[in-house]
2 protein chains.
Amino acid sequence: MIKMRLLNGQPQNRISMADRAFQFGDGVFRTMRCTGGAIEFWARHYSHLEQDCAALGIVCPSASILLEDLSRLRPVDAVLKIIITRGETARGYSVPDQLLPNRIVQLAALPAYPEQLYQQGVKVRVCSTQASWQPALAGVKHLNRLENVLARREWHDPDIFEGLMLDRDGFVIEGVMSNVLVLSDNILSTPKLEQSGVSGVMCEVIFDAAVQHGLQVEKRAWTLDEIKQSDAIWLTNSLMGLLPVSDLCGRHFQSHAAQLLLSGALKQLRQKEKFAIVDLAGMTKG
Amino acid sequence: MIKMRLLNGQPQNRISMADRAFQFGDGVFRTMRCTGGAIEFWARHYSHLEQDCAALGIVCPSASILLEDLSRLRPVDAVLKIIITRGETARGYSVPDQLLPNRIVQLAALPAYPEQLYQQGVKVRVCSTQASWQPALAGVKHLNRLENVLARREWHDPDIFEGLMLDRDGFVIEGVMSNVLVLSDNILSTPKLEQSGVSGVMCEVIFDAAVQHGLQVEKRAWTLDEIKQSDAIWLTNSLMGLLPVSDLCGRHFQSHAAQLLLSGALKQLRQKEKFAIVDLAGMTKG
């Protein structure tokens, strides 16, 4: 459940219905993991937020104002979500000049991912809802997420952890709530997201971790059959970290040696790349 | 400007940020024209709203409860917009059973479309922002409208009335805020919307009007070059009605005899298919 929300720095759980996020999904978001009062990979998250705002022509709030907001939430171990909307307008798609964006930060409890999932892996299905072909939005973590909602509605079996979404040409794009990493011939790869999908920070982190450990990486187009023939598959997002797939539509994957390497490297980077927000909260108090 | 809004029947301009329309664009909408206290083509609008809700698995409120809401807005000459959202949830894409949708009705002033536009026609450009390929959402008037926002941001020239959006294969899908009708070899046609686009009520009305007047109609795939070679092009939505295109990327179109026929037929249908909401307001008062 959401524990606290700020709208432009003020406690607020409601938003104007004139806000374009409500009317059109006209905004972007980022979800971050906060542990021990520090935001993991803050610099990367902010950099992606800036890029996403730029892609849509939304004025991105400064890192300092967002950090000030986030520090007011006094997070310790929590999910932090930032939403930036284009702002509020009367009616119609056109946007007046000088429109002020709305910024929302919210704090929720960390989801529980049992250690068992990381040891044994998770079961994954394939969704019939396609990832849409839209080069203007590909890679951007925007608020038009209906296709993810529809894809998630396809299954109710609690044993299935995630569903893969393919584009119209049958290439694997992503999971409903995660990016996908594939190991094949000792190359770690992730699908190209040039026409569809969301570019996640954690996927980028794992890529960097892999490179640091001498693993070759690439972005490429994968068909479902191809990834079924691969040596290992992982799901990744900022909350789950790196989660091995044990079953993809009945194709079973054994635990792979690279799991230990990558999860160890991720653990190191999580320690290294974090931003202690509690200190900031202390500062604003003082 | 918006003059009044009701949320689930109560005056309210704000919505919970837990609403899935705000978080994901998880909802549908319809825009209607009200003249002299009567909603034009109400039955068709409601039918489309029901279909759109069904496509997304949202429980559609009954026509009677929506009409009661709309009557409370006491519209005379106005734009009425209905938004149905999937409802409010904590976090994540998955949807609990029995989620209650939120219904919003809002009233705004009718936009002024000068008679001159109908006489002389309007200038239209082609957008570089594509209409996304997404069969699960094609035809549905949903709240994921970022591509329309981006397409509308492509031009600032006030002489350009509308921009056409093409799909990835170069087929014309729609205008940013309108559907497209094309006359060629005495056949009135509109693009197929099986993979992209929004199916508008007014486009359906004009089709019916054309059939009633003995014109042949069809849905087909049109390339930009093909529609440039056609005899006439119109834009249509519930507010503008039927607006002739006089200039499409420098290709000039003369006023076509079918304009008089179709606009006359539309005028008749507007009179015939309207629902007097003022009477209902009187009833709820009494």
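In what follows, every chain begins at residue 1, and chains take the letters A, B, ... in the order their sequences are listed. As a basis for the values below, the full set of heavy atoms in this structure was taken, side chains included, without hydrogen atoms, waters or symmetry mates.
In this structure, B:Val180 and B:Gly175 approach most closely via the heavy-atom pair CG2-N, 3.8 Å. Minimum interatomic distance between A:Val28 and A:Cys53 (heavy atoms only, all atoms of both residues): CG2-SG, 3.8 Å.
For the atom pair A:Leu107 CG and A:Leu70 CG, the distance stands at 9.0 Å (nearest 0.5 Å). If you take CD1 on B:Ile82 and SG on B:Cys60, they are separated by 8.0 Å, rounding to the nearest 0.5 Å. The distance from atom CG of B:Leu193 to atom SG of B:Cys203, rounded to the nearest 0.5 Å, is 7.5 Å. Taking CD1 from A:Ile58 and CG from A:Leu99, the interatomic distance works out to 9.0 Å, rounded to the nearest 0.5 Å. In this structure, A:Leu235 CG and A:Leu242 CG are separated by 8.5 Å, a value rounded to the nearest 0.5 Å.
Contacts between A:Ala108 and chain B at a heavy-atom distance below 4.5 Å involve the side chain alone, from C-beta outward. In this structure, chain B has a heavy atom under 4.5 Å from the side chain of A:Leu239, while its backbone stays farther away.
When the candidates B:Leu146, B:Leu143, B:Leu56 are compared by the number of heavy-atom contacts under 4.5 Å with chain A, B:Leu146 comes out ahead. Of the listed residues (B:Gly57, B:Ala131, B:Gly27), the greatest number of heavy-atom pairs within a distance under 4.5 Å of chain A belongs to B:Gly57. When A:Leu7, A:Val95, A:Ile83 are compared by the number of non-hydrogen pairs under 4.5 Å with chain B, A:Ile83 comes out ahead.
Here the side chains of B:Val105 and B:Leu80 are not in contact, with every heavy-atom distance at 4.5 Å or above.
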Which side chain or backbone donor-acceptor pairs connect chain B with chain A at less than 3.5 Å?
unit_1, atom_1, unit_2, atom_2, d
B:Asn13, O, A:Met17, N, 2.8
B:Arg14, O, A:Arg14, NH2, 3.3
B:Arg14, NH2, A:Arg14, O, 3.3
B:Ile15, N, A:Ile15, O, 2.8
B:Ile15, O, A:Ile15, N, 2.7
B:Met17, N, A:Asn13, O, 2.8
B:Gln23, OE1, A:Lys81, NZ, 2.6
B:Phe24, O, A:Arg145, N, 3.0
B:Lys81, NZ, A:Gln23, OE1, 2.6
B:Gln130, O, A:Gln134, NE2, 2.8
B:Trp133, N, A:Trp133, O, 3.1
B:Trp133, O, A:Trp133, N, 3.1
B:Gln134, NE2, A:Gln130, O, 2.8
B:Gln134, NE2, A:Glu147, OE1, 2.8
B:Asn144, OD1, A:Arg145, N, 3.2
B:Asn144, OD1, A:Leu146, N, 2.9
B:Arg145, N, A:Phe24, O, 3.0
B:Arg145, N, A:Asn144, OD1, 3.2
B:Leu146, N, A:Asn144, OD1, 2.9
B:Glu147, OE1, A:Gln134, NE2, 2.8
B:Arg168, NH1, A:Asp169, OD2, 3.1
B:Arg168, NH2, A:Asp169, OD1, 3.2
B:Arg168, NH2, A:Asp169, OD2, 3.3
B:Asp169, OD1, A:Arg168, NH2, 3.2
B:Asp169, OD2, A:Arg168, NH1, 3.1
B:Asp169, OD2, A:Arg168, NH2, 3.3

